[in-house]
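Working notes, beginning with the structure itself.
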Number of protein chains: 2
Amino acid sequence: MANELIFAALADPTRRRVFEQLAARPSSVTALARTLPVSRPAVSQHLKVLSDAGLVTVRAEGTRRIYRAAPDQLADLRDWLDRMWSNALNAFAEAAEKERQK
Amino acid sequence: MANELIFAALADPTRRRVFEQLAARPSSVTALARTLPVSRPAVSQHLKVLSDAGLVTVRAEGTRRIYRAAPDQLADLRDWLDRMWSNALNAFAEAAEKERQK
DNA sequence: GCTTACGGTAAGTCATGGCTAACGAATTGA
DNA sequence: TCAATTCGTTAGCCATGACTTACCGTAAGC
């Protein structure tokens, strides 16, 4: 499943904070690192993971690199979520039906 | 954020497979282990994590314990998803607006 | 009671990955 | 050209966690 990269990317709390900040507003690597309790290289590595998962995009601006959240990939996550939801509800309905037939 | 347990629980691929199977149909621990490439204790440990996250519920049935998916907790995940989505879209719209004003 | 199936827990191993420190490349401005 | 800023990358350390083997408690069937 192609979702694997997305799940892995969003699994780490620090990485989620990076993504949440980028969803609020595009930002450079150093600006992100200033607001987080980790070093700049750490942020850079997290951004690589997010980028490989297609969750962020980059745009060079002079010597700085502006990262942005790319919400499209979240659609896969939503699809998985909806599928699980309806499956679970169906299973529950079936169980209730069996129960009723007794 | 209370989502932390949910993200952590769904981060592992094996654990997601366990949850997906339970979403399709309730099952015992041994039955789950038979369909997965890991041992029964491993499944048991995964179920504990899923249970702590509120993603599954248990029901004792004789000597067996039947696990079921509990879709309610997925709502938190959906909320986070929707928030990220709209934030990213807003940020994109603002950027487009600034671009247009030039 | 004795055995058998089921399942949680403990102990220990091993791979994964998140982090920092250090270095190198590229752009900007003096 | 030289210094300063911004980033990516690498090496290495260390904590986390996924897994198996072994063990113990418990409920059902002979």
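- Spacing between atom CZ of B:R17 and atom P of D:dA18 amounts to 15 Å, rounded to whole angstrom units.
- Nearest to the side chain of A:S39, among C:dT20, D:dT20, C:dG18, sits C:dT20.
- The side chain of A:T14 has C:dC19 as its nearest neighbour among D:dT9, D:dT20, C:dC19.
- For the pair B:L32 CG and C:dA5 C1', the interatomic distance rounds to 16 Å; values are reported in whole Å.
- If you measure from atom CG of B:L36 to atom P of D:dA18, you get 14 Å, rounded to the nearest angstrom.
- The separation between A:H46 atom NE2 and D:dT9 atom P is 15 Å, rounded to whole Å.
- The nearest heavy atom of DNA chain D to B:P41 and to B:V49 marks one nucleotide each, and the one closer to the 5' end goes with B:V49.
- Mapping B:V29 and B:Q45 onto DNA chain C via the closest heavy atom, the residue that lands nearer the 5' end is B:V29.
- Counting only N and O atoms by type, the side chains of B:T35 and B:Q21 include a donor and acceptor under 3.5 Å apart.
- The backbone N or O of A:S28 lies less than 3.5 Å from no partner atom in the side chain of A:R65, so there is not a single donor-acceptor pair.
- Linking Ile, Leu, Val, Met, Phe, Trp and Tyr residues whenever their side-chain heavy atoms come within less than 4.5 Å places A:W85 and B:V56 in a single cluster.
- The CG-C1' distance, from A:L47 to D:dT9, rounds to 14 Å in whole Å.
- Between the B:R83 side chain and the A:E20 main chain, no donor and acceptor come within less than 3.5 Å of each other.
- Considering CE of A:M84 and CG of B:L77, their distance stands at 12.0 Å, rounded to 0.5 Å.
- Non-hydrogen atoms lying under 4.0 Å from DNA chain C are contributed by B:T63, B:R64, B:R65, all within residues 58-66 of chain B.
- Minimum heavy-atom separation, A:A69 to A:F19: CB-CE1, 3.9 Å.
- If you check D:dT20, C:dG18, C:dT9 against the side chain of B:S44, the one that comes closest is C:dT9.
- Taking atom NZ of residue A:K48 and atom C1' of nucleotide C:dG18, one finds them 15 Å apart after rounding to whole Å.
- Side chain of A:R78 to main chain of B:D82: no donor-acceptor pair is present (N/O by atom type, distance under 3.5 Å, no hydrogens or angles).
- Among the heavy atoms of the strands lying under 4.0 Å from A:R40 is at least one base atom, whether or not backbone atoms are also near.
- Atom-to-atom, OH of B:Y67 to C1' of C:dC6 comes out at 11 Å; the value is rounded to the nearest Å.
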